[in-house]
Amino acid sequence: MARLILFGPPGAGKGTQAAALSRQLKVPHISTGDIFRSAIAARSDLGLKVQNYLDEGKLVPDVVVIDMVRDRLSQPDIAEGWILDGFPRTVPQAQALDQLLSEINQDYSRVLNLQVSEALLIERLLGRQRKDDTEDVIQERLRVYRNDTAPVLAFYEQGTRLVNIDGAADVEIVTSRIQSAVSGVE
Ligand code: ADP
């Protein structure tokens, strides 16, 4: 069953690839960034709480993100698989995910690490025009990635389910690389 974690820096293509995989595999795409952006657009309590973090390219506090993911993973549609995009982004989040999954008797099948050079990331993000894609905020998000998120790889490197994917190619090519990496996952 496909229970996939899409990992990588901002601009690596996690969202695009997760959406394509979600359609193909018919499992929900759970993007913490998308959930936060919808909450902000709806001006919900969660949205008000997280807006400044997103605007500044900072990480939302672990406790807020973990609560939200716990809630999402308690929905019935995740029974047949899922694709996590943008979570976990810190080592405590990765530890919490292990805990959450063991509580529901699940495990992840693969961590797909999309690798893209920093120069290409900046080029892609500057071309994207999202509100948090200004030059200063991009620099901050890349700094946060290096400091807080990249160490999550060491957490997953202890296992055998981490797969590195070269993300510096056209969308369809990256999709087919991911498909080969996940083909045959039970
Ligand atoms: P990108 O991968 O392009 O940075 P996302 O949509 O994944 O974009 O995330 C946008 C913003 O949402 C992040 O900069 C951060 O403020 C917040 N966010 C998303 N996921 C998390 C997370 N797991 N932990 C903390 N903050 C998060």
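Numbering of ligands and ligand atoms starts at 1, following listing order. FYI, side chains are in, hydrogens and waters are out, and symmetry mates aren't considered; it's all heavy atoms of this structure.
Remark: A19 pairs with R23, H29 by the side-chain contact (heavy atoms from CB on, under 4.5 Å) rule, at least two apart or across chains. Among residues two or more places apart in sequence or in another chain, the salt bridge (charged side-chain N to carboxylate O under 4.0 Å, His left out) test is passed with D133 by R128, R141.
Taking a cut-off of under 4.0 Å to the non-hydrogen atoms of P10, the atoms of ligand 1 that pass are 1 (P), 2 (O), 3 (O), 4 (O). Every atom of ligand 1 with a heavy atom of R37 under 4.0 Å away is listed here by number and element: 6 (O), 10 (C). Near G86, with a cut-off below 4.0 Å to any heavy atom, the atoms of ligand 1 are 20 (N), 21 (C), 22 (C), 23 (N).
Two residues are said to be in side-chain contact when any heavy atoms from C-beta on lie closer than 4.5 Å; I30 and I78 meet this criterion. Between I5 and L97, some side-chain heavy-atom pair lies under the 4.5 Å cut-off.
Nearest to atom 15 (C) of ligand 1 among the protein's heavy atoms is K58 O, 3.4 Å. Ranking the protein heavy atoms by distance from atom 24 (N) of ligand 1 puts Q93 NE2, 2.9 Å first. For atom 8 (O) of ligand 1, the closest heavy atom belonging to the protein is R130 NH2, 3.1 Å. For atom 20 (N) of ligand 1, the nearest protein heavy atom (residue, atom name, distance) is T32 OG1, 2.7 Å. Of all protein heavy atoms, the one lying nearest to atom 26 (N) of ligand 1 is V60 N, 3.0 Å. Ranking the protein heavy atoms by distance from atom 3 (O) of ligand 1 puts R141 NH2, 3.0 Å first. With respect to atom 2 (O) of ligand 1, the closest heavy atom belonging to the protein is K14 NZ, 3.0 Å. Of the protein's non-hydrogen atoms, R89 CD, 3.5 Å is the one closest to atom 21 (C) of ligand 1.
Both the backbone and the side chain of L54 come within contact range of ligand 1, each with a heavy atom under 4.0 Å.
Residue contacts with ligand 1: E56 is excluded, as none of its non-hydrogen atoms falls under 4.0 Å. The shortest heavy-atom distance from R128 to ligand 1 is under 4.0 Å.
An N or O contact shorter than 3.5 Å is missing between G57 and ligand 1 by distance.
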>> Using the rule given for side chain to side chain donor-acceptor pair (under 3.5 Å), can you reason through E103 versus Q99, listing the C-alpha separation, both sets of side-chain angles and the distance that settles it, and then say yes or no?
In response: CA-CA 6 Å; E103 283 167 18; Q99 174 66 29; 3.1 Å; yes

>> If you apply the rule salt bridge (Lys or Arg N to Asp or Glu O under 4.0 Å), what do you find for K26 with D77, and how did you get there?
In response: CA-CA 10 Å; K26 299 189 171 49; D77 66 334; over 6 Å; no

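Contact detail for Q106 and R3: the closest heavy-atom pair is OE1-NE, 3.3 Å.
Residues Q139 and E135 have side chains that never bring a donor and an acceptor to within less than 3.5 angstrom of each other.
Under a hydrophobic clustering in which Ile, Leu, Val, Met, Phe, Trp and Tyr are joined whenever their side-chain heavy atoms come within less than 4.5 Å, directly or via other members, Y108 and L112 fall into different clusters.
When each of I178, V171, D170 is paired with V174, the side chain to side chain contact (heavy atoms under 4.5 Å, CB included) condition holds for I178 and for no other.
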